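Everything numeric here is computed off the predicted structure, so don't read it as measured data. Naming: A, B, ... by sequence-line order, numbering from 1 per chain. Every heavy atom of this structure was used, including side-chain atoms; hydrogens, water molecules and symmetry mates were not.
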Amino acid sequence: EDKVVQSPLSLVVHEGDTVTLNCSYEVTNFRSLLWYKQEKKAPTFLFMLTSSGIEKKSGRLSSILDKKELFSILNITATQTGDSAIYLCAVAVTSGSRLTFGEGTQLTVNP
Amino acid sequence: GAGVSQSPRYKVAKRGQDVALRCDPISGHVSLFWYQQALGQGPEFLTYFQNEAQLDKSGLPSDRFFAERPEGSVSTLKIQRTQQEDSAVYLCASSVQAYNEQFFGPGTRLTVL
């Protein structure tokens, strides 16, 4: 059975801190790994990673994938209160179109 | 439209009632997915459509759950004889094609009393 594990499950930081969120996976026929940010409603797409070692970056957020060690990290630098959300990691496989999600990391950024 | 829309946003049902949840995907998106998200958990896959064809329904928890997308655009998820364990947020997502990133709607929060 495909499995995605995120850590930590929750994290509280102060504005300006840098955070690293972790996602490890055990799946058959890996195709891609995706990160989403979920506030009170729709998960919003952040990154899709398919190749090892290539960093994807968007503003203060960046992510990288290690297909040998089966994990990905999401970094957020200079955190702001607006970064407070649940960050979801999901994996897609070649044998289907569904996403398998982890439990998410609840990030709280205090002023 | 600009994004995936879902209606209603909130639904309260008495145990045993039937409910229908609607999803309007992004215009032109061929693939449509339904997920169920319980409180404190990540979304779990329910079913997937490519145009009007339901290609994967392996995540539907019971035969009380039924989904359709008759014209390859709007989709409806129907739950018959709702039970308390059906209480969750039901998320719809669409993508250009099956292997592209999925874009999610705001979800329908279903509460079964």
Side-chain angles (χ1 to χ4, degrees), chain A residues 1-10 21-25 27-51 56 58 63 65 72 74 85-108, chain B residues 1-10 23-26 29-51 53-61 67 69 88-109:
Chain A
E1 185 179 332
D2 297 339
K3 191 175 177 184
V4 178
V5 177
Q6 293 187 244
S7 64
L9 292 182
S10 68
L21 310 182
N22 303 290
C23 176
S24 64
Y25 60 91
V27 300
T28 305
N29 301 320
F30 173 89
R31 173 163 51 86
S32 60
L33 185 144
L34 296 89
W35 284 96
Y36 288 86
K37 176 183 182 183
Q38 185 173 31
E39 295 170 271
K40 290 191 176 176
K41 38 190 181 178
T44 53
F45 172 76
L46 296 174
F47 299 111
M48 183 165 74
L49 304 153
T50 56
S51 301
K56 291 218 171 178
S58 175
S63 183
L65 173 67
S72 173
L74 175 69
I86 296 171
Y87 289 84
L88 293 166
C89 172
V91 171
V93 297
T94 56
S95 53
S97 303
R98 67 171 68 187
L99 295 178
T100 299
F101 283 86
E103 284 188 62
T105 294
Q106 171 77 63
L107 174 66
T108 302
Chain B
V4 179
S5 61
Q6 293 186 244
S7 61
R9 291 292 313 279
Y10 303 90
C23 172
D24 279 90
I26 294 172
H29 278 197
V30 168
S31 301
L32 185 146
F33 305 81
W34 284 98
Y35 292 84
Q36 180 190 59
Q37 187 173 24
L39 192 63
Q41 301 294 316
E44 290 197 3
F45 171 81
L46 294 176
T47 188
Y48 155 61
F49 290 86
Q50 181 90 341
N51 295 305
Q54 189 174 19
L55 298 186
D56 186 351
K57 55 181 180 179
S58 61
L60 296 176
R69 194 186 184 197
V89 174
Y90 290 85
L91 294 166
C92 176
S94 71
S95 62
V96 173
Q97 288 286 351
Y99 294 156
N100 293 94
E101 58 270 30
Q102 296 177 23
F103 295 92
F104 283 81
T108 295
R109 181 177 295 279

Residue among B/S31, B/G105, B/G40 with most heavy-atom pairs under 4.5 Å to chain A: B/G105
Using heavy-atom distances under 4.5 Å, tell me whether A/Q38 contacts chain B through its side chain, its backbone, both, or neither. side chain
In chain order, what residues pass the side-chain hydrogen bond (donor to acceptor under 3.5 Å, both in side chains) check against A/D2, with sequence neighbours excluded? none
Can you see which heavy atom on B/P43 is nearest to which on A/L88, and at what distance? CD-CD1, 3.9 Å
Which atoms of B/R9 come close to chain A, meaning under 4.5 Å heavy atom to heavy atom: side chain ones, backbone ones, both, or neither? side chain
Can you establish whether the number of heavy atoms outside B/Y10 located under 6.0 Å from its atom OH is more than 12? no
Bottom line for A/Y36: the part with an atom under 4.5 Å from chain B's heavy atoms is side chain
Taking side chain as everything from C-beta outward and backbone as N, CA, C, O, which of these in B/Q102 sits under 4.5 Å from a heavy atom of chain A? Side chain, backbone, both or neither. both
Between B/F33 and chain A, with a heavy-atom cut-off of 4.5 Å, which part of the residue counts as in contact: side chain, backbone, both or neither? side chain
Has B/Q50 got more than 12 heavy atoms of other residues, nucleotides or ligands less than 6.0 Å from its CD? yes
What donor-acceptor contacts under 3.5 angstrom involve side-chain atoms of residues 97-104 of chain A, with partners at least two apart or in another chain?
{"residue": "A/R98", "atom": "NH2", "partner": "B/D56", "partner atom": "OD2", "Å": "3.4"}
{"residue": "A/R98", "atom": "NH2", "partner": "B/S58", "partner atom": "OG", "Å": "2.2"}

Exceeds 12 heavy-atom contacts within 6.0 angstrom, atom CZ of A/R31: yes
Side chain from CB out, backbone as N, CA, C, O: work out which of these in A/T44 comes under 4.5 Å of a heavy atom of chain B, or both, or neither. neither
